[in-house]
Amino acid sequence: MSVRTRFAPSPTGYLHIGGVRTALFNWLFARGQGGQFLLRIDDTDAGRNVDAALQPILDGFRWLGIDWDEGPDVGGDCGPYFQSQRGELYNAAVQQLLDIGAAYRDFATTEEIAAEREAAEKAGASFRYSRRWRAESDADAARFAAEGRQSVVRLAMPDEGEIVIDDLVRGQVKFDWSREQDLVIQRADGSPIYHLASVVDDHAMHISHVIRAEEHLSNTPRQIFIAQQLGYELPKFAHLPFVAEPGSKNKLSKRKLDKYLKNRDFAAINDHGQQIAQKLGLSTSAETFNPVIVDFYEQVGYLPEGLLNYLLLLGWSLDDSTEDFTRAEMIEKFTIERVTKAPASFDPKKLMAFQDRTMQQLPIKQKVSRCVDFLQQAGWVATPPPCDIARYVTQVVEAIGDRLKVFGDILEFEEFFVADDELVYDEKAFEKRIAKPERAIELLREYRESLATCDEFDAASLDKHLHDFVEQRRIGMGDIIHALRVAVTGTAQGCGMFETLAILGRDRCLRRIDRVLNLA
RNA sequence: GGCCCCGUCGUCUAGCGGUCUAGGACUCCGCCCUUUCACGGCGGCAACACGGGUUCGAGUCCCGUCGGGGUCACCA
């Protein structure tokens, strides 16, 4: 039997980082086994705006390069792939369960159920519905209906015996049937509940392996019950440890953003991203733009390979030392056997380390091309760029080197893209390196004259030139180079001094130094 | 609270009874490189939750305790 896995997101408007990890494992497993990976949209409870809420999810997967063989936009033999369009299937399944007595119509109100639950809790007993408003016959149903009651369909769970789940990551897990609730599978409005829809679809779509997060483990008995009653062959189950919050073992969720922002590392990559987003003119509402959401990484200019590589190692490892995987290697090496059992917390710093490594391996041409995209988006270069811009940006990117962690970082090197008279000077740096040192202005003036007449303007020559300058005056390099850097770039830190001067070229350097001399 | 899952450095993990004075990675801390920043190089700090068994021998198997988490919806 061929391997078929699926990821079934609800259209929530964003792709959660934990969801991606689950999807990744499903995808990797399917690809590695020569099987199929499908995307199904669990919108049984969704409002009308499904399209808008789905798009970011699809976009996220596309960006990551996680492709699906069947699902939205690509179709497939088992469609439709939206649960909202599969109503008849669920109705038929519900009817079948009703017919064989595995489910019943129930007319209890939510208040009545709540009251029973409360009473049970008070008595210290575990709650199980009394089935008091269960319709045993059509006459019962008519009578309840006459009282103005509405009905749902509930599962008639067995009250004895146990169910053993053979989980691919957790081994055998046992549950007592008697503790399972008579779960609702169809709402009063006739719409199906997730568990029912999920089981029906997994069967109809020939899913061989249900790989999902651990929080579904305790849902599994009821789903198995449904499947068994419907006569379905059971898929294999694999319950992955969930992705936990930074610095804790709690499940990572989008709701607790405020808490995560108090985590230093999380706050750091968030702030870094926010700054880039601002320069790009993006909406930076924390609700829709933060490191829990995949879109954040795309917008800021992370590489999907680095993110995937990091996520791969969140709950899986190959051996005692291998950390870097290409896409092909991930597919080749991934196995469910080596999935970990304990939850893994999301570590922003380590993610950045993977991003960094991935970025440094990227060929310069690609780096430049993506950087140009970001520069255009920020409005710093024309769209489309004149061909010499590509050459110019190549020089800049080479000079920046490892300092470029994500593509958006190119926007931190404003000095290369701003007009001379618009260069902003960092106040502290200006004070410390130009205003305060006694001879800074004097030296800068002298150096300016010297620079105006130096023959060659490449980095190596400029290097020698400055060294000669320093030597002649019997001063230290530190007496001039810092002031020079601030004068020319506006900041105290940046690329190599001589590369910077060379890229800027003589005219711009002179104009910027003049500006400082006039200011002082 | 019931049920279920989990428990090796701060974090991600290796470890499937002896080769573990517990290995790798990220972080952190030194030193080197560099008169910026970043990278890089070298070195260092740092863990088997606890208690009982089983065994010649336990991080590895069993039991218990403790701790953490998940789940108990007409959400998915």
Side-chain angles (χ1 to χ4, degrees), chain A residues 8-12 42-46 83 106 108-110 113-114 117 120-121 124-127 150-154 165 167 169-171 173-176 178-181 183-195 197-198 212-221 239 241-242 244 246-251 265 310 313-324 337-338 340-354 356 360 400-405 409 412 429 433 470 476-482 484-486 489 491-497 500:
Chain A
S10 291
T12 49
D42 281 11
D43 55 350
T44 54
D45 192 43
Q83 292 195 324
D106 184 61
T109 64
T110 44
I113 295 287
R117 178 176 288 117
E121 272 170 23
S126 64
F127 167 69
Q150 290 194 311
S151 72
V152 297
V153 176
R154 286 184 186 276
I165 300 168
D167 192 275
V169 347
R170 272 150 227 287
V173 184
K174 295 175 190 163
F175 293 87
D176 286 335
S178 64
R179 295 188 186 282
E180 294 298 314
Q181 305 293 333
L183 172 97
V184 172
I185 52 172
Q186 189 178 55
R187 299 188 184 90
D189 68 2
S191 64
I193 289 293
Y194 160 76
H195 299 288
S198 185
R212 64 198 352 180
E214 183 189 353
E215 67 248 37
H216 290 283
L217 183 55
S218 39
N219 296 163
T220 307
H239 287 94
F242 52 79
S248 118
K249 292 292 181 203
N250 291 30
K251 192 174 83 169
D265 300 338
Y310 171 70
L313 264 17
L314 223 45
W316 182 85
S317 70
L318 177 65
D319 54 32
D320 62 347
S321 56
T322 314
E323 294 243 297
D324 293 342
E337 288 73 52
R338 292 197 59 87
T340 339
K341 292 178 176 170
S345 31
F346 177 68
D347 180 352
K349 279 231 174 98
K350 189 149 184 169
L351 166 59
M352 189 50 103
F354 276 98
D356 196 2
Q360 301 332 324
I400 292 174
D402 306 318
R403 297 171 188 83
L404 191 86
K405 309 295 184 201
D409 286 338
E412 273 168 31
R433 319 249 67 147
V470 163
M477 183 66 92
D479 294 327
I480 176 72
I481 198 164
H482 299 299
L484 178 60
R485 175 181 295 285
V486 174
T489 71
T491 68
Q493 59 197 48
C495 303
M497 188 71 264
T500 301

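Any value given below was found using the heavy atoms of this structure, including those in side chains, with hydrogens, waters and symmetry copies removed. Lettering of chains follows the sequences in order, A, B, ..., and the numbering in each one begins at 1.
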Report summary line: Taken to the nearest whole Å, CD/Glu180(A) to C1'/U71(B) is 10 Å

Query raised in the report: Hey, is the side chain of Lys341(A) pairing donor to acceptor with the base of C6(B) inside 3.5 Å?
Result: no

Query raised in the report: Across all strands, who's sitting opposite G2(B) as a Watson-Crick or G-U wobble pair, both distances under 3.5 Å?
Result: U71(B)

Query raised in the report: Are any non-hydrogen side-chain atoms of Asp402(A) and Gln360(A) less than 4.5 angstrom apart?
Result: yes

Query raised in the report: Can you check the Phe346(A) CZ to C26(B) P distance for me, whole Å?
Result: 17 Å

Requested in this report: Using only side-chain N and O atoms of Lys251(A), determine if any of them is under 4.0 Å from OP1 or OP2 of U71(B).
Outcome: yes

Query - Phosphate contact (C72(B) OP1 or OP2) by Ser218(A) side-chain N/O below 4.0 Å - result: no

Report task. Please state whether the phosphate of C4(B), meaning OP1 or OP2, lies under 4.0 angstrom from any side-chain nitrogen or oxygen of Arg179(A). Result -> no

Requested in this report: Please evaluate the base of A38(B) for a donor-acceptor partner in the side chain of Asp356(A) within a cut-off of under 3.5 Å?
Outcome: no

Query raised in the report: Taking only N and O in the side chain of Arg338(A), is any of them less than 4.0 Å away from OP1 or OP2 of G15(B)?
Result: yes

Query raised in the report: Per the atom types in the model, does the base of C37(B) pair as donor or acceptor with the side chain of Arg403(A) at under 3.5 Å?
Result: yes

Query raised in the report: Within the pair Arg433(A) and U36(B), is there a side-chain N or O less than 4.0 Å away from OP1 or OP2?
Result: no

Query raised in the report: Starting at the 5' end of RNA chain B and moving along, which residue's nearest nucleotide shows up first, His482(A) or Lys249(A)?
Result: Lys249(A)

Report task. May I ask you to evaluate whether Ser345(A) reaches the phosphate of C12(B), defined as a side-chain N or O under 4.0 Å from OP1 or OP2? Result -> yes

Report task. Rounded to whole angstrom, note down the C1' distance from A47(B) over to G15(B). Result -> 13 Å

Report summary line: Rounded to the nearest 0.5 angstrom, the CZ-OG1 distance for Arg117(A) and Thr110(A) is 10.5 Å

**Report entry** Student check: side-chain heavy atoms of Thr220(A) and Arg212(A) closer than 4.5 Å
**Finding:** yes

Query raised in the report: Any donor-acceptor pair under 3.5 Å between the side chain of Lys405(A) and the base of A38(B)?
Result: no

Requested in this report: In whole angstrom, give the distance that lies between atom CG of Asn219(A) and atom P of C3(B).
Outcome: 18 Å

Report summary line: Rounded to whole Å, the CD-C1' distance (Glu215(A) to C6(B)) equals 14 Å

Requested in this report: Determine the Euclidean distance between corresponding P atoms of C63(B) and A25(B); express it in Å to zero decimal places.
Outcome: 36 Å

Query raised in the report: Under 4.0 Å between a side-chain N or O of Arg117(A) and OP1 or OP2 of G1(B)?
Result: no

Query raised in the report: If you pin Glu214(A) and Ala492(A) to their nearest nucleotides in RNA chain B, which one's is more 5'?
Result: Glu214(A)

Query raised in the report: For Thr110(A) and C74(B), is the shortest distance between a side-chain N/O and OP1 or OP2 below 4.0 Å?
Result: no

Query raised in the report: Out of G70(B), C4(B), C12(B), which has the shortest distance to the side chain of Phe175(A)?
Result: C4(B)

Query raised in the report: Tell me, do Leu313(A) and Glu323(A) make a side-chain contact under 4.5 Å, heavy atoms counted?
Result: yes

Requested in this report: Calculate the interatomic distance between Lys350(A) atom NZ and C26(B) atom P; express it in whole Å.
Outcome: 7 Å

Report task. Decide yes or no for Thr491(A) and Val486(A): does some side-chain heavy atom of the first lie under 4.5 Å from some side-chain heavy atom of the second? Result -> no

Query - With sequence neighbours excluded, residues passing side-chain hydrogen bond (donor to acceptor under 3.5 Å, both in side chains) with Lys251(A) - result: Glu215(A)

